[in-house]
Amino acid sequence: MGKLGGFLQIERHGVPQRDPAERAGDYHEFLLQRPVGELQEQGARCMDCGVPFCHNGCPLGNLIPDWNDLVYRDRFRDAIAQLHATNNFPEFTGRLCPAPCEAACVLEIREGDSVTIKQIENSIINRAWEEGWVVPQPPRRETGRRVAVVGAGPAGMAAAQQLRRSGHSVTLFERDEALGGLVRFGVPDFKIEKAVVQRRADQMIAEGVEVRCGVDVGTDVSVEELRETFDAVVLATGSRVPRDLPVPGRELDGVHFAMDYLYQRNRWVARELGPQPTVAQPPIEREITAKDRDVVVIGGGDTGADCVGNALREGARTITQLELLSEPPPQRPDDLTPWPQWPLKYRLSYAMQEATTIGVGEQDYSVATTRFGDDGAGAVAAVMIAQAQDGPPFAPLAGTERELPAQLVLLAMGFLHPEQSLLDQLGVEKDPRGNVKAVSPYTASVDGVFAAGDARRGQSLIVWAINEGRQCARMVDRYLERDLPSRNGRAPVRGVSGALPEDDGLAGHGDADEGPEGPPSEAAPGIGAG
């Protein structure tokens, strides 16, 4: 496995990036790829640990040591087969995942020395697309069962693709004008260009997934019609209700939720640079712009960083990003998050690196927002802030108040739960947080209804979304081919060999119904040490 003693002989080299000042002027991806020879060396650093903790660090259970070794031996075609065995969209995770697998790497016991797993993963899938190895995989048989998947983010796309490849007729509903969910409309092109998302959508269509964009289930298509037409329904609507900031002045013009701004920016890039949607047309929206404005972003996570990156490229005058929590320590605090847990430590985001390089950005921690000031005409003109207490309820400290100029304020404080209307119409039981409650793995309280991704587990990582979509598809497949026939009197659908289909879990992965425990549901953004 790999090069004997390679981890002692070969230095870690992280993902190269374009110069911050240069990339801040365009919308192209800022991550670069190393030459094959250098990637092989990085793969050779993998130790083939007796207990590969990277497996547990990855919610998808990716076969990381296997494809590290295959890259080292220049067997990229075998590597992509191993990668696709657990991950439908490695080009999504290779660009957007914070890499909890690297935090769990045994080499990370010496902090900053882990195998560059994410970089290798991305190189494998990029090579596969370049070589034409990624092709549609239509099913070998048709079961006659019909499944509706509601929501076309990573969880819905993964569930739809897995179910279609099992031979079921799948219709993927999406109320936006194209597939991808927040990967398409929330995450900027300079992190993942949308042609990368579109080619996966094209692959799914070629496999026979029926795509219905611009359709809001529960409004354009009734719940009754959905239940009558389909044998099973998968809810993958995401966690899209944003956390608000109920302080005086919240109603002022110029105070917006982050996603309202990010959706507009991504649609603008699609119009200017492509690819434009071909299934449905985007809605007409009131313009939100950061150009020549003082911008305040409230929230220090990935969404906040994406707002900073977009505002910078629009030509904002100043950008200030505020975080309620205190600044994390520069190194892993072993008393709080010992290896192999995800380390709670400071990471400079790609966007703040750009903004500080250009000289227009500032990031502040332990800041409580007390109110928004107006310009006398109903628009925001300032943000009043104060130093926050170190712990809950993070109340403002008297005597620390100050004012920031702001003509645009973006609220990027995370999400609460799925939108409730469709859940209420279906009558599914919800957990105390407002998510779909699973009475058994991925199975809702209403017969034939399933849930996956953020709609089930709450706001989380893209790797969890893909894992949930895949695992939910297993439960739906089991329901359709084993449980459903006994309820309606129809004979079970037989596979190509004549036997009942079996679960296609991977050997050694144990009971996959629940999925791996994996890392925390959220991981802080950052560009890492490189």
Side-chain angles (χ1 to χ4, degrees), residues 12-20 23-24 29-32 54 57-59 92-105 107-119 121-122 186-188 190-192 258 297-312 319-358 361-367 412-414 459-464 518-530:
R12 171 191 163 102
H13 291 292
V15 184
Q17 301 178 15
R18 297 168 58 206
D19 178 77
R23 72 196 193 211
E29 291 182 7
F30 67 85
L31 296 181
L32 301 173
C54 56
C58 175
F92 296 2
T93 54
R95 287 166 168 82
L96 304 179
C97 178
C101 54
E102 293 187 19
C105 175
L107 283 175
E108 185 62 17
I109 293 175
R110 186 168 69 183
E111 190 171 356
D113 202 36
S114 67
V115 175
T116 55
I117 299 167
K118 178 178 173 179
Q119 176 180 217
E121 174 187 30
N122 209 31
V187 180
F190 37 90
K191 285 173 70 175
I192 181 169
V297 178
I298 301 177
D302 278 322
T303 301
D306 294 343
C307 289
V308 172
N310 270 290
L312 179 65
I319 307 171
T320 305
Q321 187 175 14
L322 307 177
E323 171 57 57
L324 183 64
L325 303 177
S326 59
E327 182 174 340
Q331 305 296 325
R332 177 196 288 270
D334 288 332
D335 56 332
L336 297 177
T337 53
W339 176 88
Q341 294 181 21
W342 176 260
L344 177 65
K345 67 179 183 180
Y346 177 78
R347 296 171 177 84
L348 177 66
S349 74
Y350 76 92
M352 193 50 64
Q353 181 192 42
E354 296 169 351
T356 53
T357 299
I358 300 298
E362 177 185 340
Q363 188 172 24
D364 294 325
Y365 290 87
S366 295
V367 175
M413 302 177 296
Q459 178 186 337
S460 191
L461 305 177
I462 185 171
V463 274
W464 273 117
S521 60
E522 294 187 41
I527 59 175

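Computed from a predicted model, the values in this text were never measured in an experiment.
Checked against salt bridge (Lys or Arg N to Asp or Glu O under 4.0 Å), Asp113 has the following partners two or more places apart in sequence or in another chain: Arg45, Arg110. Residues that satisfy the side chain to side chain donor-acceptor pair (under 3.5 Å) test with Thr93, not counting sequence neighbours, are Asn87, Glu121. Glu108 meets the salt bridge (Lys or Arg N to Asp or Glu O under 4.0 Å) test with no other residue; sequence neighbours excluded.
Across all non-hydrogen atoms, the minimal contact from Ala258 to Ala412 is CB-CB, 3.7 Å. The shortest non-hydrogen separation linking Glu29 to Ile192 is OE2-CA, 3.5 Å. Minimum interatomic distance between Pro188 and Asn310 (heavy atoms only, all atoms of both residues): CG-ND2, 3.6 Å. In plain terms, the two heavy atoms of Ile319 and Val308 that are nearest each other are CD1-O, 3.7 Å. Taking all atoms of both residues into account, the shortest heavy-atom contact from Val187 to Lys191 is CG1-CB, 3.8 Å. Taking all atoms of both residues into account, the shortest heavy-atom contact from Ala103 to Pro343 is CB-CD, 3.6 Å.
Between the OG1 atom in Thr357 and the CE atom in Met352 there is a gap of 10.5 Å [rounded to 0.5 Å]. Atom-to-atom distance recorded for Ile117:CD1 and Cys54:SG is 5.0 Å, nearest 0.5 angstrom. Summarising the geometry, atom CG belonging to Leu336 is positioned 14.0 Å from atom NZ belonging to Lys345; distances are rounded to the nearest 0.5 Å.
When side chains are defined from C-beta on, Pro20 does not count as touching Phe30, because their heavy atoms never get closer than 4.5 Å. At least one side-chain heavy atom of Asn122 sits less than 4.5 Å from a side-chain heavy atom of Arg95. Two residues are said to be in side-chain contact when any heavy atoms from C-beta on lie closer than 4.5 Å; Pro59 and Leu461 fail this criterion.
A donor-acceptor pair under 3.5 Å is absent between the side-chain atoms of Gln363 and the main chain of Thr356, judged by distance alone. Remark: side-chain polar atoms of Trp342 are not paired, donor with acceptor, to backbone N or O of Ala99 under 3.5 angstrom. Judged purely by atom type and a 3.5 angstrom limit, Arg18 has no side-chain atom pairing as donor or acceptor with the backbone of Leu32. Side-chain atoms of Arg332 come within 3.5 Å of backbone atoms of Thr337 as a donor-acceptor pair (strictly under, hydrogens ignored). Looking at Lys118, its side chain does come within 3.5 Å of a backbone N or O of Cys97 through a donor-acceptor pair.
A salt bridge is defined here as a Lys NZ or Arg NE, NH1 or NH2 lying under 4.0 Å from an Asp or Glu carboxylate O, and Arg23 with Glu354 meets this definition.
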Apply the test side-chain contact (heavy atoms from CB on, under 4.5 Å) to residues Ile298 and Met413: give CA-CA distance (whole Å), side-chain angles for both, the deciding distance (0.1 Å), then the verdict. CA-CA 7 Å; Ile298 301 177; Met413 302 177 296; 4.0 Å; yes

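With 3.5 Å as the limit, one finds no donor-acceptor pair spanning the side chains of Tyr350 and Asp302.
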